[in-house]
Undergrad: 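One structure, as structure tokens, below. Some questions next.
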Amino acid sequence: QVQVVESGGGLVQAGGSLRLSCTASGLTFENYAMGWFRQAPGKEREGVSCITSRGTGTKYADSVKGRFTTSRDNAKNILYLQMNSLKPEDTAMYYCAVSRTSWCYISVNPADFGYWGQGTQVTVSS
């Protein structure tokens, strides 16, 4: 059975930082690209980032470029999202997901990901 679990969400002030973590089990973690997505109430799910299976390539949404960094530790089966300079518009439920391939496409599309975590809430106050 595949298990995907996010952690690290919380309440922070604008300008602050937060680091999310994601653990994945029941699969060969190092074989798959991994992604982060977010969804705010009443809005469409947005692809935030993608990192290739080896961690050598990344993709980011324009809205987070320069502020967010995704990384992975394949020895520990952990995916990270470091979020800096947070803005109130970053407030959303954040989801970790497993790609169907080892690579990242030009856009981070939910249809390219097969397994999802339950989400962790990030709230940024003004």
Undergrad: Which atoms form the tightest heavy-atom contact between Phe113 and Gly35, and what is the distance?
TA: CE2-N, 3.4 Å

Undergrad: Is the closest side-chain heavy-atom distance between Gln118 and Val5 below 4.5 Å?
TA: yes

Undergrad: Between Glu6 (side chain only) and Gly119 (backbone N and O only), is there a donor and an acceptor less than 3.5 Å apart?
TA: yes

Undergrad: Is any side-chain heavy atom of Ser7 closer than 4.5 Å to a side-chain heavy atom of Leu20?
TA: no

Undergrad: Heavy atoms only: give me the nearest Ala14-Pro88 pair and the separation to one decimal.
TA: CB-CD, 4.1 Å

Undergrad: For side chain to side chain contact (heavy atoms under 4.5 Å, CB included), just list the numbers for Val122 and Leu18, CA-CA rounded to whole Å, side-chain angles, deciding distance to a tenth of an Å, and then say yes or no.
TA: CA-CA 9 Å; Val122 172; Leu18 202 61; 4.0 Å; yes

Undergrad: Do you know which two heavy atoms are closest between Ile51 and Leu79, and how far apart they sit?
TA: CG2-CD1, 3.6 Å

Undergrad: Mind checking whether Tyr32 and Tyr115 have ring centres under 6.0 Å apart?
TA: no

Undergrad: Return the OG1 to CD distance between Thr23 and Gln3, rounded to the nearest 0.5 Å.
TA: 9.0 Å

Undergrad: Less than 4.5 Å apart, any side-chain heavy atom of Ser53 and any of Asn31?
TA: no

Undergrad: Treating Tyr105 as the side-chain partner and Lys59 as the backbone partner, does any N or O pair qualify as donor plus acceptor under 3.5 Å?
TA: no

Undergrad: Using a 4.5 Å cut-off on heavy atoms from C-beta on, say whether the side chain of Val108 contacts that of Ser49.
TA: no

Undergrad: Rounded to the nearest 0.5 Å, what's the gap from SG on Cys104 to CG on Asn109? Could you check?
TA: 12.5 Å

Undergrad: Measure from NZ or CZ of Arg19 to the centre of the six-membered ring of Trp36 and say whether it is under 6.0 Å with the direction within 45° of the ring axis.
TA: no

Undergrad: Does the side chain of Asp112 come within less than 4.5 Å of Thr101's, by heavy atoms?
TA: no

Undergrad: For the residue pair Trp116 and Phe37, categorise the inter-ring angle as parallel (less than 30°), tilted (30 to 60°) or perpendicular (more than 60°).
TA: tilted

Undergrad: Grouping I, L, V, M, F, W and Y whenever their side-chain heavy atoms are under 4.5 Å apart, do Tyr95 and Val4 come out in a common cluster?
TA: no

Undergrad: Will you find, in the side chains of Ser63 and Glu46, an N or O donor that is under 3.5 Å from an N or O acceptor?
TA: yes

Undergrad: Using a 4.5 Å cut-off on heavy atoms from C-beta on, say whether the side chain of Asp90 contacts that of Arg67.
TA: yes

Undergrad: Search all heavy atoms of Tyr60 against all heavy atoms of Lys65 and return the closest pair with its distance.
TA: O-CE, 3.3 Å

Undergrad: Check side-chain contact (heavy atoms from CB on, under 4.5 Å) between Ser71 and all other residues, then give those that pass, not counting sequence neighbours.
TA: Tyr80

Undergrad: Counting only heavy atoms not in Arg54, do more than 12 sit closer than 6.0 Å to its CZ atom?
TA: no

Undergrad: Just checking, any donor-acceptor pair under 3.5 angstrom between side chains of Ser17 and Asn84?
TA: yes

Undergrad: For Val124 and Thr91, work out which heavy atoms get closest and say how close.
TA: N-OG1, 2.9 Å

Undergrad: Rounded to the nearest 0.5 Å, what separation is found between the CZ atom of Arg72 and the OG1 atom of Thr58?
TA: 12.0 Å

Undergrad: Looking at Asp73 and Phe29, what are the two nearest heavy atoms and their distance?
TA: O-CE2, 4.1 Å

Undergrad: Find out whether Ile78 and Met34 are in side-chain contact, i.e. whether some heavy atom of one side chain is under 4.5 Å from a heavy atom of the other.
TA: no

Undergrad: Would you give the length of the straight line joining atom OG1 of Thr69 to atom CE of Met83, rounded to the nearest 0.5 angstrom?
TA: 11.5 Å

Undergrad: Do Leu81 and Phe68 come close enough that some side-chain heavy atom pair is under 4.5 Å?
TA: yes

Undergrad: Which value, rounded to the nearest 0.5 Å, describes the distance between Ser126 atom OG and Gln13 atom CD?
TA: 9.5 Å

